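Here is the structure we will look at, set down as structure tokens.
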Protein chains: 2
Amino acid sequence: MHATLRDPEPPLTRSVEDYLKAIYHLSSQGGFAATSDIAALLEVAPPSVSGMVKRLSETGLIEHVPYRGVQLTAQGRRAALRMIRRHRVLEVYLSQQLGYDWDGVHTEAERLEHAVSDELIERMAKALGDPQYDPHGAPIPTAAGEIEEAELVPLADAPIGAVIEVRQVADEDAARLRYLAEQGLTPGTLLTVTERQPFNGPTIAKLRPSGEARVVGQELARSLWCRVVTP
Amino acid sequence: MHATLRDPEPPLTRSVEDYLKAIYHLSSQGGFAATSDIAALLEVAPPSVSGMVKRLSETGLIEHVPYRGVQLTAQGRRAALRMIRRHRVLEVYLSQQLGYDWDGVHTEAERLEHAVSDELIERMAKALGDPQYDPHGAPIPTAAGEIEEAELVPLADAPIGAVIEVRQVADEDAARLRYLAEQGLTPGTLLTVTERQPFNGPTIAKLRPSGEARVVGQELARSLWCRVVTP
DNA sequence: TCAAGTGATTAGCATATGCTAAGACTGATC
DNA sequence: GATCAGTCTTAGCATATGCTAATCACTTGA
Ligand SMILES: [Mn+2]
Ligand SMILES: [Mn+2]
Ligand SMILES: [Mn+2]
Ligand SMILES: [Mn+2]
């Protein structure tokens, strides 16, 4: 008996979709998403999360271990990846076809992701030539629900002397994105890490090939995800 | 004391926006929108409309005369026209830029209209060269809230012998739109009305310049809005 | 081993939106 | 002018989602 056949499955609400995405992001490093972390990410009060967690586990979208946290079920993960695909395809579309800057697309996509049809997303993806990454370097899941898992390290942890490539940047803070663009720290940029100051100080790196130096504070260096090219 | 200055005005919900559009359409011929007509158009029960009507009049978006119906206030009319602009710009964009057929755009726009930002709508309008009409011939309000008011008659009422131009077609029913496209009855088409059968029978017209005849049943002829070129 | 402290949950409430069933009003008809 | 059919509103309820205040439970340090 497939539940999907017996039950017409009401469409997920906007809230549910955002919770699933949040849980995906928070538990992607393996492990549980904590109530308080979900609350912080979605900017709601912890009891609101507890309430939603109850509903989502009753629906079979998540597993809940009380006082531990939650994890997505296979069904929940599918739903989350579908939303992430929508979000990232929208971001690419807005930036390529409608002239949005990379710091403006996230907010717009955050609302649109809940309103577009699958058909529209696939038309956009096709018009863009099926992009693999969003404007911030994040991989776009396929329509089938597969996603690239790259081994990235924050710039803050990159070994001194290594040549690294900036691959992905956290996209929620528009001001940060504008600053990074100014500094030329965008996905695809190659850097040589030259120095790291103690006591959570900045990482210093040289742009390649120009050799220009960049001093990147701890907080920023935590949000720049890089691939180590040569250690 | 401007309420807009005192009060940050919470954004309208999706439901409210759809009610305002419905009331606009139902009262555009002047007069009141009746509870039952709103209910039918939005596919909700009449008591749901009564409830919403109470909230909307408390907010100052509509005037309610009990047992009579409702009308938009100036503020409500502005909000309604903003939604209609969004809806129609989206329809044009989907059809011109993303290859949608004219029978598919309405449903997609009905959801997207609530999720897009004003900025996105204006970017789309600009990319399209500020279109004046949607794919079904309906006029697009300006960003300032002005809308063309054309004198149109349903094909069902067009005088025999007149030359008329199809200007606008009701867009909610996809099957009807597909049929009309097949028949070549799209905005811009010129027709000579040759005959109308009695007892609410069909209108018969010739396509210009080809001269091909079209027999259009009463129901369909009520949804084809035309401009009389020469009586 | 236990008592604090932190984080999670429950209790109780609010708002927006929908429903059905019951009652109230209006306009047309005799 | 009384009656009735149809329309509209009110009453009462349900669901989804959020909040604050109070309570509970796990972890950790004494
Ligand atoms: Mn979202
Ligand atoms: Mn992104
Ligand atoms: Mn709508
Ligand atoms: Mn239309």
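In what follows, chains are A, B, ... by sequence order, proteins preceding strands, each numbered from 1. Not measured: the values here are computed from a predicted model.
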In whole Å, what is the span from the [atom1] atom of [X] to the [atom2] atom of [N]?
{"X": "A:Leu26", "N": "C:dA8", "atom1": "CG", "atom2": "C1'", "result": "16 Å"}
{"X": "A:Lys54", "N": "C:dA8", "atom1": "NZ", "atom2": "P", "result": "16 Å"}
{"X": "B:Asp37", "N": "D:dG6", "atom1": "CG", "atom2": "P", "result": "16 Å"}
{"X": "A:Leu61", "N": "D:dA16", "atom1": "CG", "atom2": "P", "result": "13 Å"}
{"X": "A:Ile38", "N": "C:dG7", "atom1": "CD1", "atom2": "P", "result": "15 Å"}
{"X": "A:His64", "N": "D:dC26", "atom1": "NE2", "atom2": "P", "result": "12 Å"}
{"X": "A:Arg14", "N": "C:dT17", "atom1": "CZ", "atom2": "C1'", "result": "17 Å"}
{"X": "B:His114", "N": "C:dA16", "atom1": "NE2", "atom2": "C1'", "result": "15 Å"}

Looking at B:His25, B:His114, B:His106, which hits ring-ring contact (aromatic ring centres under 6.0 Å, His included) with B:His87?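 Of B:His25, B:His114, B:His106, ring-ring contact (aromatic ring centres under 6.0 Å, His included) with B:His87 is met by B:His106 alone.
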
Heavy atoms from C-beta onward define the side chain here; which of C:dT17, C:dT9, D:dC8 lies closest to that of B:Thr35?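 From the listed options, D:dC8 comes nearest.
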
Flag for B:His136-B:Glu91: side-chain donor and acceptor within less than 3.5 Å: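 B:His136 and B:Glu91 do have a side-chain donor-acceptor pair below 3.5 Å.
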
Among side-chain atoms of A:Ser117 and B:Glu108, is any donor-acceptor pair under 3.5 angstrom?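 Indeed, the side chains of A:Ser117 and B:Glu108 share at least one donor-acceptor pair under 3.5 Å.
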
If the sugar-phosphate is the primed atoms plus P, OP1 and OP2 and the base is the rest, what is the B/S/- string for nucleotides 18-27 of chain C, using protein heavy atoms under 4.0 Å? SBBB---S-S

Electrostatic pair B:Arg85:B:Glu122 at N-O distance under 4.0 angstrom: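 Between B:Glu122 and B:Arg85 there is a salt bridge, with a charged N closer than 4.0 Å to a carboxylate O.
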
Regarding B:Arg82 and B:Glu113, does a basic nitrogen lie under 4.0 Å from an acidic carboxylate oxygen?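 Looking at B:Glu113 together with B:Arg82, the answer is no, because their closest N to O distance does not fall below 4.0 Å.
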
Within the pair A:Thr13 and D:dT17, is there a side-chain N or O less than 4.0 Å away from OP1 or OP2?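 Yes, because at least one side-chain N or O of A:Thr13 sits under 4.0 Å from OP1 or OP2 of D:dT17.
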
Examine C:dT10: is either OP1 or OP2 under 4.0 Å from a nitrogen or oxygen in the side chain of A:Ser50? Give yes or no.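 Looking at the OP1 and OP2 atoms of C:dT10, neither is under 4.0 Å from any side-chain N or O of A:Ser50.
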
NZ or CZ of A:Arg14 within 45° of A:Tyr19 ring axis and under 6.0 Å: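 No, A:Arg14 does not sit over the ring of A:Tyr19.
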
Is NZ or CZ of A:Arg88 both nearer than 6.0 Å to the six-membered ring centre of A:Tyr133 and within 45° of the ring axis?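 No cation-pi geometry.
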
